[in-house]
Amino acid sequence: MQPKSDKPKILIALRPALYDLLFADEQKERLASLGELSRQTQAGNLTEAQLTALIGGQDIVITSWGTPNFSPAVLAAADRLKLIAHSAGSIKRMLPPPVFNAGRRVTHVAYSMSIPVAETTLALILLCLRNYHKFDRAFKDGGWAAARALPAGGELAGNRVGVIGAGYTGRAVIKRLLALDAEVWLCDPYVDEESAKTMGVHLAALEPLMRECPIITLQAPATAETYRMIGREQLSWLRDGAIFINTARAHLIDEAALLAELQTGRISAALDVFDQEPLPDDSPFRGLDNLIITPHIAAVTHQAYKRQGEITVDEVARYLSGGKLRYEVTRDMLDTMA
């Protein structure tokens, strides 16, 4: 008779293909050394009923994109669950407040994705400043002379950039902008003057930031407070020729108002997120010369995927050793995070 294992039980509640994408072989081996693993075998995502059937007796659950909501039925079945290690960023859809009852703890890997999103944001700012998307189109359609006839672009160094939101990604954007000698203004109601000074930014309310900064980048989370925070009035505050970047959430913008503003040609923009995704083939955004569009891929890099798995395993190891979780999410954080 086999002796009963005293290792903690760990349920990997994500589809096999996603598990392989996020967790390198080294991380899979580390997990196996930390606990007794259970994995789903079906190719697709678990249903709520399947998660309910699997979660009983599990001490730790690893979740990600596609893991079902932790409904009352799931939580009622989770008789031993103490840690949910989410190998993605946003958790509010999947993990409602009751998840935090009974001493359960939650950790996530939003930091992992802040790096590629910040790099994408910086790249889009530079492309818009130098009008490279316009040069590319003119060169391909009209040749050398047509491209050289376009007006010169601008530089980031010495320019003023307004950052809206100072979460993981906002701070990563700020760090990169300051490294390239930009002047950074920040709008975030949860950052005080002392913290802003430490970051090296000028703290401002939304209206003066949008009026005074020729470059604006949205990095705020999708919350009730930020829903459609940028509408027709706010867009009217932008100066002529301003650059507007959104690599955060479409939730933050009145998309119809932004489209109308872009159609005037008064400002230019770069958007990675949209109300409807995939963006329809007949979307008017597709025909705008003053807009760069990307298909919600700001966070998508090979390195970010593997970092998500690595951070998840690190957090599981910290929890089991009694150490402090580096990326813990608490119930009181839910209102101000994605």
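Side-chain contact between Asp314 and Arg326 is absent, with no heavy atoms from C-beta onward closer than 4.5 Å. Counting heavy atoms from C-beta outward, Leu150 and Asn131 have side chains that stay 4.5 Å or more apart. Contact annotation: the side chain of Ile174 approaches that of Leu186 to within less than 4.5 Å [non-hydrogen atoms, C-beta and beyond]. Within the 4.5 Å cutoff, the side chain of Glu48 has no heavy atoms near those of the Phe70 side chain. Put simply, the side chain of Ile164 reaches to within 4.5 Å of the side chain of Met229, judged on heavy atoms. Residues Leu126 and Tyr132 fail the side-chain proximity criterion, which asks for heavy atoms closer than 4.5 Å. Looking at Leu325 and Arg105, their side chains come closer than 4.5 Å, going by heavy atoms from C-beta outward. Within the 4.5 Å cutoff, the side chain of Met210 has heavy atoms near those of the Gln234 side chain.
Judged purely by atom type and a 3.5 angstrom limit, Arg171 uses its side chain to pair as donor or acceptor with the backbone of Ala166. In this structure, the side chain of Arg266 engages the main chain of Leu238 through a donor-acceptor pair within 3.5 Å. A donor-acceptor contact shorter than 3.5 Å is absent between the side chain of Ser64 and the backbone of Leu14. Arg148 contributes no side-chain N or O that, together with a main-chain N or O of Ala145, makes up a donor-acceptor pair within less than 3.5 Å.
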Please determine whether side-chain hydrogen bond (donor to acceptor under 3.5 Å, both in side chains) holds for the pair Glu233 and Ser236, giving the CA-CA distance in whole Å, both sets of side-chain angles, and the decisive distance to 0.1 Å.
CA-CA 5 Å; Glu233 179 183 5; Ser236 73; over 6 Å; no
Give the C-alpha distance, both sets of side-chain angles, the deciding distance and a yes or no for salt bridge (Lys or Arg N to Asp or Glu O under 4.0 Å) between Arg211 and Glu207.
CA-CA 6 Å; Arg211 288 187 183 279; Glu207 183 172 351; 2.9 Å; yes
Between Lys134 and Asp289, does the salt bridge (Lys or Arg N to Asp or Glu O under 4.0 Å) criterion hold? Intermediate values first, please.
CA-CA 7 Å; Lys134 295 181 180 180; Asp289 290 335; over 6 Å; no
Go through Arg228 and Asp275 one step at a time and tell me if the salt bridge (Lys or Arg N to Asp or Glu O under 4.0 Å) criterion holds.
CA-CA 11 Å; Arg228 301 293 187 258; Asp275 282 344; 3.5 Å; yes
So Arg318 and Lys324, side-chain contact (heavy atoms from CB on, under 4.5 Å) or not? Walk me through it.
CA-CA 6 Å; Arg318 288 189 190 99; Lys324 180 178 173 60; over 6 Å; no
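Between Arg30 and Glu26 no salt bridge is recorded (no basic side-chain N to carboxylate O distance below 4.0 Å). One finds no salt bridge joining Asp59 and Lys9 here, because no Lys/Arg side-chain nitrogen approaches an Asp/Glu carboxylate oxygen to under 4.0 Å. The pair Lys197-Glu194 does not count as a salt bridge, with every side-chain nitrogen at least 4.0 angstrom from each carboxylate oxygen. Between Lys7 and Glu36 no salt bridge is recorded (no basic side-chain N to carboxylate O distance below 4.0 Å).
Other residues, nucleotides and ligands contribute only 12 or fewer heavy atoms inside 6.0 Å of the OH atom of Tyr111.
Distance check: Leu156 CG to Asp181 CG gives 8.5 Å after rounding to the nearest 0.5 Å. Within the model, atoms NE2 of His108 and CD of Gln308 stand 11.5 Å from one another, a figure rounded to the nearest 0.5 Å. Taken to the nearest 0.5 Å, the CG atom of Leu320 stands 13.5 Å off from the NZ atom of Lys82. Rounding to the nearest 0.5 angstrom, the gap separating the NZ atom in Lys28 from the CD1 atom in Ile12 is 8.5 Å. In this structure, the separation between SG on Cys128 and CD1 on Ile267 is 10.5 Å, given to the nearest 0.5 Å. Distance check: Arg239 CZ to Ile243 CD1 gives 11.5 Å after rounding to the nearest 0.5 Å.
Two rings, from His251 and Tyr227, have their centers less than 6.0 Å apart.
Residue Phe139 shares its hydrophobic cluster (ILVMFWY side chains chained together at separations under 4.5 Å) with Trp144.
A side-chain contact (heavy atoms from CB on, under 4.5 Å) with Leu271 is found for one member of Leu279, Thr247, Leu258, Leu288 and no other, namely Leu258.
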